[in-house]
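Since the structure comes first, as structure tokens, the remarks are kept for the end.
Bear in mind the structure is a predicted one, so any value in this text is a computation, not a measurement. Just so you know, these numbers use all the heavy atoms, side chains as well, and skip hydrogens, waters and symmetry mates.
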Amino acid sequence: QVQLVESGGGLVQAGGSLRLSCAASGRTFSGYSMGWFRQAPGKEREFVAGIMWRGGSTDYADSMKGRFTISRDNAKNTVYLQMNSLKPEDTAVYYCAAGSLRYYRGSYLHPTSPSEIDYWGQGTQVTVSS
């Protein structure tokens with residue numbers, strides 16, 4: 001049984017930082033991208049960042065580049081999302097996600113659409129106050 005368990009959410013002031021963790025278990029994720037999506041009230045779930053379990057290649061949504069950093073610890077089967085310079089518009093439920101890599105024109109691509117995700121965590125709330 002695959003489980004993705006998030007932790008680290010909370011309330012922070014604008015400009016502050018948080019680090020989210022996602023502990024993965026139940027299968028081998030070597031052919032997967034592990035990542036984070038988020039969903040704000042009244043909005044669709046959107047891609048935040050992804051990291052290939054094997055190799056460590058990363059991808060970010062444009063609005064997160066330079067502020068968020070995704071990393072992994074293979075020994076602990078854990079993925080992290082370091083979020084700096086947080087803004088009120090970053091307020092959302094953040095979901096850990098795992099999706100199969102897609103091979104397209106010589107490259108492996110991260111899944112960036114919710115429909116491409118195979119496994120989801122339960123979500124953790126991040127609230128950024130102004």
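- A donor-acceptor pair is defined here as one N or O able to donate and one able to accept, closer than 3.5 Å; such a pair exists between the side chain of Thr91 and the backbone of Pro88.
- With sequence neighbours excluded, no residue satisfies ring-ring contact (aromatic ring centres under 6.0 Å, His included) with Tyr94.
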Practice item. Kindly indicate, with the supporting measurements, whether the criterion side chain to side chain contact (heavy atoms under 4.5 Å, CB included) is fulfilled by Val126 and Leu20. Key: CA-CA 9 Å; Val126 171; Leu20 306 182; 4.1 Å; yes
Exercise for review: Please test Phe29 against Asn74 for side chain to side chain contact (heavy atoms under 4.5 Å, CB included), starting from the C-alpha separation and ending with a verdict.
Suggested key: CA-CA 10 Å; Phe29 291 97; Asn74 286 12; over 6 Å; no
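- Remark: Tyr80 OH is packed, more than 12 non-hydrogen atoms of other residues, nucleotides or ligands lying under 6.0 Å away.
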**Study point:** Audit row: Phe68, Leu86, side chain to side chain contact (heavy atoms under 4.5 Å, CB included) steps and yes/no
**Key:** CA-CA 9 Å; Phe68 292 7; Leu86 284 162; 3.9 Å; yes
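- Residues Ser30 and Thr28 have side chains that never bring a donor and an acceptor to within less than 3.5 angstrom of each other.
- Linking ILVMFWY residues whenever their side-chain heavy atoms come closer than 4.5 Å, directly or via other members, places Leu101 and Tyr103 in the same cluster.
- Residue pairs that meet the salt bridge (charged side-chain N to carboxylate O under 4.0 Å, His left out) test with at least one member in residues 11-24, sequence neighbours left out, do not exist here.
- At a threshold of 4.5 Å between side-chain heavy atoms, the hydrophobic network of Ile, Leu, Val, Met, Phe, Trp and Tyr places Met64 and Met34 in one connected group.
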Practice item. Evaluate the criterion side chain to side chain contact (heavy atoms under 4.5 Å, CB included) for residue pair Gln3 and Arg27; output intermediate values, then yes/no. Key: CA-CA 9 Å; Gln3 282 193 311; Arg27 67 159 296 148; over 6 Å; no
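- Looking at Arg38 and Asp90, their side chains come closer than 4.5 Å, going by heavy atoms from C-beta outward.
- Annotation for Leu4 and Cys22: closest pair CB-SG, 3.9 Å, computed over non-hydrogen atoms.
- Transitive grouping of hydrophobic side chains (ILVMFWY, heavy atoms separated by less than 4.5 Å) brings Val48 and Tyr119 into a common cluster.
- Screening residues 107-119 for salt bridge (charged side-chain N to carboxylate O under 4.0 Å, His left out), with sequence neighbours left out, gives Arg102-Glu116.
- Counting only distance, with no hydrogens or angles, the side chain of Glu6 and the backbone of Gly123 share a donor-acceptor pair below 3.5 Å.
- Annotation for Asp59 and His110: closest pair CB-CD2, 3.4 Å, computed over non-hydrogen atoms.
- A side-chain donor-acceptor contact under 3.5 Å links Thr78 to the backbone of Lys76.
- Residue Phe37 is found in a hydrophobic cluster whose other members, listed by chain and number, are Phe47, Val93, Tyr95, Ile117, Trp120; membership requires side-chain heavy atoms under 4.5 Å apart, directly or through intermediates.
- When all heavy atoms of Ala92 and Gln125 are compared, the pair lying nearest together is O-NE2, 3.4 Å.
- Here NZ of Lys87 is found 14.0 Å from OG of Ser130. Values are rounded to the nearest 0.5 Å.
- The backbone N or O of Ile51 sits nowhere less than 3.5 Å from a side-chain atom of Arg72 that would complete a donor-acceptor pair.
- Tracing side-chain contacts under 4.5 Å through hydrophobic residues (I, L, V, M, F, W, Y), one reaches Trp36 starting from Val2; they form part of the same cluster.
- Within the 3.5 Å criterion, the main-chain N or O of Thr69 finds no donor-acceptor partner in the side chain of Gln82.
- The heavy-atom pair separating Ser17 from Ser85 by the smallest distance is OG-N, 4.4 Å.
- Residues Met83 and Tyr60 share a hydrophobic cluster, clusters being chains of Ile/Leu/Val/Met/Phe/Trp/Tyr side chains in contact below 4.5 Å.
- Minimum interatomic distance between Leu81 and Ala49 (heavy atoms only, all atoms of both residues): CD1-CB, 4.2 Å.
- Partners of Gln39 according to the side chain to side chain donor-acceptor pair (under 3.5 Å) rule, which considers only residues two or more places apart in sequence or in another chain, are Arg45.
- A salt bridge links Lys65 with Asp62: the distance from a Lys NZ or Arg NE/NH1/NH2 to an Asp or Glu carboxylate oxygen falls below 4.0 Å.
- The side chain to side chain donor-acceptor pair (under 3.5 Å) check on Asn77 picks up nothing, with sequence neighbours excluded.
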